[in-house]
Amino acid sequence: MSQDQLADLSRLLYSPVTLLLYVSAAIVCLYALSTRVALHETRSGRPVGERLQRLGIALAWTAVAAHVAHEIVRGLAQNRLPLGNMFEFTSAMALAGALVGLVYLTLVRRKPELVGFVMLAAAVVVSSAMLTYADPGPLMPILDTWWRTFHVTVIVVAAGIFTVGFLFNGLHLLRDTAEQGLAAARAVPTGRSTVGAAHIDDLAPGVVDDERDRGADDPGRDVSGRVAPDEDHEVATLPREAERNAMRAAISPLRLAVGTFLGTSTVSWVFVATPTTTLQEGLTRALTVNLVLVALALVARWFVPFLPQASTLDGLAYRIIALGFFAWTFGVIAGAMWAEQSWGRFWGWDPKETASFLTWIAYAAYLHARATKGTRGRGAGWIGIGAFAVLMFTYYAVNLVFVGLHSYAGLS
């Protein structure tokens, strides 16, 4: 098979094959999530949800396999590791996030019900890579060192892991807001939070890691870290459907849409400022990205009643971001070694180097906040969201807008 034929095959494997598989896996897994929870209440539909979930997991693994096949064929088409421009970086980041999220949720934490959200995020990242698509081509000579393989691979994997962490942080904030609304509907006094996402970091119901949060110093909390209702206060019980409606109603769709749009705009402006695109193209790309993420936020709002409790999502975000932080740290160190070989110095405060350091600081702040009793929970979650915005600024703005030694976007 010729190089051109391999290039065509790699593109076919990427879109539509891999993209459609990610979308299909997301749809099936999310439908299985709602079916499994809703029908379980009737005590007759749980097997249906479980079968759908197994089908969704199978589709997810098939999507990852197709993505791996794309990377292999793309590498064969250009006789090098497919990590030479922004399209290839983004594609590999999506693959890393999907693979790590799938393994973590199905094999490590046993939370397969959340796989649909990871697959949805992977589909979005795969689609966004098409905005910076570049045909297979040779590598810039200065990039062609052994350190490139190690440094870029670790950085891309870390970015994929951080994307999964951002997903869990976003779901955690939505669920915590919904739980506060539900508690208000039940007229339960909650203090600062509902189920205690700000006060406990357990991953399994009834398990609390931090002795300080067991309530020994606070008689108002039970052993799970939750705020116990006042004995003199009668707790109202809502029907299931009313309970779900109360949770959804706690999240204003207008505020969620506007907030998501404004938050996304802190990064999407780079498409307008990219020198290689026209103003119309830039505005179209920025608006498309913003509206897609707004739509996904509204979809997540609908699924909020089916999510695990906020404290579980908070713990998932914390642990996956801690893993990504270690990878990012090693990637930055490897980048310094690569810089010494390519440019004769370990650190030069190039825009990408500076932004990478700021990203490291942002995630270090998240981990510190998450480990601090007074800041964990919602406060740490927002810091995690901010850290991901810094990562996206590092990834897009420095490559597409700023001129520096790392401007390897590969765009025409």
Side-chain angles (χ1 to χ4, degrees), residues 71-72 74-97 99-100 129 132 134 136-163 165 267 270 274-276 320-368 387-412:
E71 296 291 336
I72 294 173
R74 172 100 181 179
L76 293 174
Q78 52 195 357
N79 292 318
R80 63 172 174 81
L81 194 68
L83 290 172
N85 53 53
M86 280 200 70
F87 166 73
E88 295 172 357
F89 295 157
T90 310
S91 172
M93 185 172 72
L95 175 59
L99 182 58
V100 170
T132 56
L139 195 67
M140 295 178 64
I142 197 170
L143 300 179
D144 195 12
T145 70
W146 180 87
W147 282 106
R148 179 190 73 90
T149 302
F150 182 73
H151 163 66
V152 178
T153 301
V154 174
I155 284 291
V156 165
V157 169
I161 296 173
F162 282 148
T163 303
V267 176
V270 302
T274 302
T276 55
I320 202 74
I321 288 178
L323 176 64
F325 182 75
F326 280 112
W328 187 267
T329 301
F330 282 115
V332 171
I333 294 173
M337 302 300 293
W338 181 26
E340 197 279 332
Q341 282 198 359
S342 297
W343 302 307
R345 84 298 187 274
F346 289 99
W347 196 265
W349 296 108
D350 176 74
K352 179 57 76 64
E353 293 170 351
T354 305
S356 298
F357 178 68
L358 293 177
T359 303
W360 187 89
I361 292 293
Y363 276 105
Y366 166 79
L367 293 176
H368 177 74
F388 186 74
V390 175
L391 172 66
M392 289 294 97
F393 177 85
T394 302
Y395 188 71
Y396 282 106
V398 177
N399 279 332
L400 298 178
V401 178
F402 294 97
V403 177
L405 296 174
H406 288 77
S407 300
Y408 304 133
L411 303 178
S412 58

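What you see below is based on every heavy atom in this structure, not just the backbone, and it leaves out hydrogens, waters and symmetry mates.
For the atom pair CZ (Phe330) and CD1 (Ile155), the distance works out to 12.0 Å, reported to the nearest 0.5 Å. Considering NE2 of His368 and CD1 of Ile361, their distance stands at 12.0 Å, rounded to 0.5 Å. A distance of 13.0 Å separates CZ of Phe325 from CD1 of Ile161, quoted to the nearest 0.5 Å. With rounding to the nearest 0.5 Å, the separation of OG1 in Thr163 from CD1 in Ile321 is 10.0 Å. Here the CG atom belonging to Leu400 is positioned 7.5 Å from the OG1 atom belonging to Thr132, to the nearest 0.5 angstrom.
Nearest heavy atom pair, residue Gly160 against residue Ala96, reads CA-CB, 4.5 Å. Scanning all heavy atoms of the two residues, the minimum distance from Met93 to Val156 falls at N-CG1, 3.4 Å. Closest approach of Pro351 to Val398, counting heavy atoms only: C-CG1, 3.9 Å. Residues Glu71 and Pro82 share a closest heavy-atom pair of OE1-CG, 3.3 Å.
Judged by distance alone, the side chain of Glu88 and the main-chain N or O of Leu83 form a donor-acceptor pair under 3.5 Å. Looking at Ser91, its side chain never comes within 3.5 Å of a backbone N or O of Phe87 through a donor-acceptor pair.
Taking the side chain as every heavy atom from C-beta outward, Val152 and Trp338 approach each other to under 4.5 Å. At least one side-chain heavy atom of Ile320 sits under 4.5 Å from a side-chain heavy atom of Val100. Counting heavy atoms from C-beta on, the side chains of Thr153 and Leu81 come closer than 4.5 Å. Residues Trp328 and Phe162 meet the side-chain proximity criterion, which asks for heavy atoms closer than 4.5 Å. Taking 4.5 Å as the limit, every side-chain heavy atom of Tyr363 sits out of range of all side-chain heavy atoms of Leu367.
By the 30° and 60° cut-offs, the orientation of the rings of Trp347 relative to Phe357 is perpendicular.
A donor-acceptor contact under 3.5 angstrom links the side chains of Thr90 and Tyr395, judged on distance only.
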